[in-house]
Amino acid sequence: MSAQTQLRRKTVRDMAKAKGGQPLVCLTAYDAPRAALIDPHCDLILVGDSVGMVVHGLDSTVGVTMDMMIMHGQAVMRGSQSAFVVVDMPFGSYEASPQQAFENAARIMMETRCQAVKLESGVYAEETVRYLVDRSIPVLAHVGLRPQAINVDGGFKAKGRSDDERQRVIAEAKAAESAGAFGVVVEGVAEDLAAEITELLSIPTIGIGASASCDGQILVTEDMLGLFDWTPKFVRRYGNVKGEITAAVENYASDVRGRAFPGKAETYSLNSEKSLKIPRVDD
Ligand code: KIV
């Protein structure tokens, strides 16, 4: 990527400026063509570890690896031009120590050339976030419902129902801010808690299942495109990709079986203007 391309991208400063202003538009992407489609409309693209569930068929994000995140991060960077791209740190890649986090975050930044990393940050992670930011790695924190904690939580559970839990989520968000995170994803909390956190912090909050009171919104792209039968309550479907794919594949199968595809238009013939030569990349 040239320096010019790098300069066209939104920066961490654009993210910070969004505090209290026009909401940040954020979506996930895991591959180049989808990144290219959403890039002109998004402020921030997250290469989320949700890739494990959405693309790789895992039942949680716990099995996602560094190599998976790096491969998808590289694809999204190739496909996008202007959005600020953040790559998730997978489970097990940052919790052991700030040094472990730095080694893995630096690898993600160097091998993908993304602009920042995201990590699911309990209060314990304050030191880690500070360690990364002090060493030139911008961090987006993630508080509230933390999908990588599924095994201690016993499922994907909304957070902040009890007073204790509420105080814990607020403490997580404040710890991330004081450690230098440029923003915080707030997942799965009721509106009053999201509003309180957004009010308390001077950095932007990006909500997912956290009401319109946040400074931005993020969804898993495939959820909002309607690829799945089931989606969480907080998802609004803006498309019917599952229906479109199913209809197209049904039509294709029926055409192939009925010998309606390929037809004349899709067939080379000796008299046709179209060359019989198979095009090569370097032709
Ligand atoms: O992995 C992911 O896609 C995420 C978003 C849903 C916030 O963390």
Side-chain angles (χ1 to χ4, degrees), residues 15 23-31 34-35 38 42-66 68-73 75-76 80 83-95 105 108 112 114-122 125 129 139-150 153 155-159 169 172-173 176 181-189 194 197-198 203-211 214-225 227-228 230-238:
M15 303 302 114
L24 284 168
V25 177
C26 316
L27 280 173
T28 59
Y30 318 117
D31 60 30
R34 256 173 279 222
I38 69 174
C42 285
D43 297 304
L44 181 152
I45 296 179
L46 173 69
V47 187
D49 61 353
S50 51
V51 68
M53 301 171 78
V54 175
V55 174
H56 295 271
L58 298 173
D59 60 2
S60 80
T61 56
V62 171
V64 173
T65 64
M66 280 286 294
M68 282 158 79
M69 294 313 303
I70 287 172
M71 185 188 67
H72 291 288
V76 168
S80 61
F84 186 78
V85 175
V86 181
V87 175
D88 249 341
M89 298 200 68
F91 177 69
S93 71
Y94 61 92
E95 300 90 333
I108 290 175
T112 68
C114 69
Q115 277 80 51
V117 297
K118 172 165 87 57
L119 52 87
E120 294 185 11
S121 47
V129 174
V139 176
L140 178 61
H142 183 153
V143 306
L145 192 166
R146 292 189 268 120
Q148 292 174 7
I150 184 177
D153 286 349
F156 296 110
K157 300 262 190 286
K159 292 286 165 179
V169 179
E172 286 169 0
F182 72 84
V184 185
V185 169
V186 181
E187 179 163 357
V189 304
I197 294 172
T198 302
I203 55 175
T205 55
I206 300 175
I208 173 161
S211 83
C214 296
D215 299 301
Q217 296 295 324
I218 186 160
L219 284 175
V220 169
T221 302
E222 285 72 6
D223 281 346
M224 72 88 162
L225 288 179
L227 185 63
F228 303 116
W230 184 88
T231 47
K233 169 187 160 63
F234 58 78
V235 173
R236 185 180 295 173
R237 284 195 187 162
Y238 288 88

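Numbering of ligands and ligand atoms starts at 1, following listing order.
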Heavy-atom contacts with [X] under 4.0 Å: which atoms of ligand 1 show up? List them by number with element.
| X | value |
| --- | --- |
| H142 | 8 (O) |
| I208 | 6 (C) |
| G48 | 1 (O), 2 (C), 3 (O) |
| K118 | 4 (C), 8 (O) |
| D88 | 1 (O), 2 (C), 8 (O) |

| Expected output: side-chain E172 to main-chain G144 donor-acceptor under 3.5 Å | yes

Is the backbone N or O of D215 less than 3.5 Å from a side-chain atom of T205, with the two atoms forming a donor-acceptor pair by type?
yes

So for D49 against ligand 1, with non-hydrogen atoms under 4.0 Å, the contacting part is both

Logged contact type for L46 with ligand 1, heavy-atom cut-off 4.0 Å, is side chain

For A194 and A210, the nearest pair of non-hydrogen atoms, with its separation, is CB-O, 3.0 Å

The single option from L219, T28, T221 that satisfies side chain to side chain contact (heavy atoms under 4.5 Å, CB included) with L46 is T28

Does F91 CZ have over 12 foreign heavy atoms under 6.0 Å away? no

task = Please determine if D153 and R146 form a salt bridge, counting it only when a charged side-chain N lies under 4.0 Å from a carboxylate O.
result = no

Separation between CZ (R236) and CD (Q217), nearest 0.5 Å, reads 10.0 Å

* Backbone or side chain, does any N or O of T28 fall under 3.5 Å from an N or O of ligand 1? -> no

among protein heavy atoms, the one nearest atom 2 (C) of ligand 1 is S50 OG, 3.2 Å

